[in-house]
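Structure record follows, encoded as structure tokens.
Since this is a predicted model, take the numbers as computed values, not measurements. First the proteins, then the strands, lettered A, B, ... as listed; each starts at 1.
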Amino acid sequence: MKIATWNVNSLRVRLPQVLDWIAAEQPDILALQETKLEDKNFPVAEIEAAGYQAIYSGQKTYNGVAILSRTAAQDIVTDIPGLDDHQRRIIEATYGDIRVLNVYVPNGEAVGSDKYAYKLGWLEKLTAYVKEQLAAHPRLVLLGDFNIAPEPRDVHDPQLWENSVLCSGPERAAFRQLTGLGLCDTFRLFNQEESQFTWWDYRMAAFRRNMGLRIDHILASQELCGATTSCQIDKTPRKLERPSDHTLVIAVFGST
DNA sequence: ATGGTGGCGCGGCCA
């Protein structure tokens with residue numbers, strides 16, 4: 001089972017890149033964030049012509065998540081129970097015997113801002129929900145744009161970013177709360193290097209200078225953790241003309 | 001350098 005995540009920063013703009021990528025890589029599942037599309041405008045025909053099915057929860061201008069898949073989605077959820085949130089940030093479904101939860105965690109803007117408080121509250125609700133989901137679904141993948149660089153080695157300049165949004169203590173503590181439920185960071189099962197990033201600011205030629213952060217993640221439940229055969233960052237789409245500011249993470253899970 | 005770039009949508013917000 002090959003599962004990938006990609007914050008596309010507008011599916012309307014990035015659709016040709018998405019179609020090219022799935023044709024080349026043939027994933028079983030591709031989780032998308034920041035589709036920025038209302039559901040009535042989702043490019044269903046193009047996705048189906050490529051041999052994929054789609055589920056989606058979108059809104060105009062901001063946010064929006066989707067999952068493309070080879071097989072049909074079952075038991076679809078688009079809201080965290082008990083969280084009254086009009087922002088479209090989660091979509092979850094079962095594919096075969098794997099539960100997939102795709103998240104677009106709030107950015108948080110700046111430490112101490114209203115959006116930062118919203119982010120921490122949102123993560124608390126997510127964590128409680130993931131705990132429930134893990135109990136019900138031992139084979140769970142939680143993936144997406146977490147907007148958190150878990151450790152200093154996930155940041156191009158840890159001192160510059162220290163205590164900034166995406167790197168602050170409370171955000172990293174929230175990430176540890178999630179992994180503490182029994183989820184592994186699949187990328188770190190295989191790669192312990194510094195300077196392995198998934199997002200680079202559009203400004204200041206950040207990609208060319210590799211000034212990035214690792215904020216997109218694929219977390220797996222203990223049962224799947226042992227079945228993970230690879231997890232890699234695919235930087236090729238970030239090199240294209242008119243790229244998203246994020247690139248893909250791809251994990252492969254074998255049978256257990 | 002308190003900027004810079006990109007998406008949405010056409011002014012200002014968000015990342």
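Taking atom P on both B:dG11 and B:dA1, the two are 34 Å apart, rounded to the nearest angstrom. Nucleotides B:dT2 and B:dC8 are separated by 25 Å at their C1' atoms, to the nearest Å. For B:dG4 and B:dC14, the C1' atoms lie 15 Å apart once the distance is rounded to whole Å. To the nearest whole angstrom, the two P atoms, one in B:dG3 and one in B:dC13, are 15 Å apart.
A straight line from CG of A:L213 to P of B:dA15 spans 16 Å, rounded to a whole angstrom. Whole-Å rounding puts the A:D201 CG to B:dC14 C1' distance at 12 Å. Between the CZ atom of A:R208 and the C1' atom of B:dG4 there is a distance of 14 Å, rounded to whole Å. A:M204 places its CE atom 12 Å from the P atom of B:dT2, with the value rounded to the nearest Å. For the pair A:L166 CG and B:dC14 P, the computed distance is 16 Å after rounding to whole Å. At whole-Å resolution of the value, NE2 in A:H86 and C1' in B:dC14 are 13 Å apart. In this structure, A:R89 places its CZ atom 10 Å from C1' of B:dC14, rounding to the nearest Å. Per the geometry, CD belonging to A:E171 stands 14 Å off C1' belonging to B:dA15, to the nearest Å.
Pairs passing the disulfide bond (SG atoms under 2.5 Å apart) check and including a residue from residues 10-70 of chain A, sequence neighbours excluded, do not occur. Counting only residues at least two apart or in different chains, side-chain hydrogen bond (donor to acceptor under 3.5 Å, both in side chains) contacts with residues 177-187 of chain A comprise A:D185-A:R214. Counting only residues at least two apart or on different chains, no disulfide bond (SG atoms under 2.5 Å apart) pair has a member in residues 95-151 of chain A. Applying the disulfide bond (SG atoms under 2.5 Å apart) definition to pairs two or more places apart or across chains, those involving residues 137-204 of chain A are A:C184-A:C225. Applying the disulfide bond (SG atoms under 2.5 Å apart) test to every pair with at least one member in residues 41-146 of chain A, sequence neighbours left out, gives no pairs at all.
Judged as a side chain to side chain contact (heavy atoms under 4.5 Å, CB included), and not counting sequence neighbours, the contacts of A:K60 are A:E38. In this view, A:P16 satisfies the side chain to side chain contact (heavy atoms under 4.5 Å, CB included) rule with no residue, not counting sequence neighbours. A:E241 is linked by a side chain to side chain contact (heavy atoms under 4.5 Å, CB included) to nothing, counting only residues two or more places apart in sequence or in another chain.
In terms of modelled atom types and a separation under 3.5 Å, the side chain of A:S113 and the main chain of A:G108 share a donor-acceptor contact.
Nearer to the 5' terminus of DNA chain B, by closest-nucleotide assignment, is the contact made by A:R203 (compared with the other of A:D145 and A:R203).
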With the criterion being N/O to N/O and under 3.5 Å, what pairs connect the protein with nucleotides 6-10 of chain B, and how long is each?
from	atom 1	to	atom 2	distance (Å)
B:dG7	OP1	A:R14	NH1	3.1
B:dG7	OP1	A:R242	NE	3.4
B:dG7	OP2	A:R242	NE	3.4
B:dG7	O3'	A:S10	OG	3.3
B:dC8	OP1	A:S10	OG	2.4
B:dG9	OP1	A:T61	OG1	3.1

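Within residues 103-117 of chain A, the residues that place at least one heavy atom under 4.0 Å from DNA chain B are, in residue-number order, A:Y104, A:N107, A:K115.
Results of the side-chain hydrogen bond (donor to acceptor under 3.5 Å, both in side chains) test with A:N9 over A:Q33, A:H246, A:K36 single out A:K36 as the only residue that passes.
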Let me check something: any side-chain donor-acceptor pairs from residues 42-57 of chain A under 3.5 Å, sequence neighbours excluded? List them with distances.
from	atom 1	to	atom 2	distance (Å)
A:Y52	OH	A:P27	O	2.6
A:S57	OG	A:R88	NH1	3.4

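Helical stems of DNA chain B (runs of at least 3 Watson-Crick or G-U pairs, donor-acceptor distances under 3.5 Å) are listed by first residue: B:5-8 with B:12-15.
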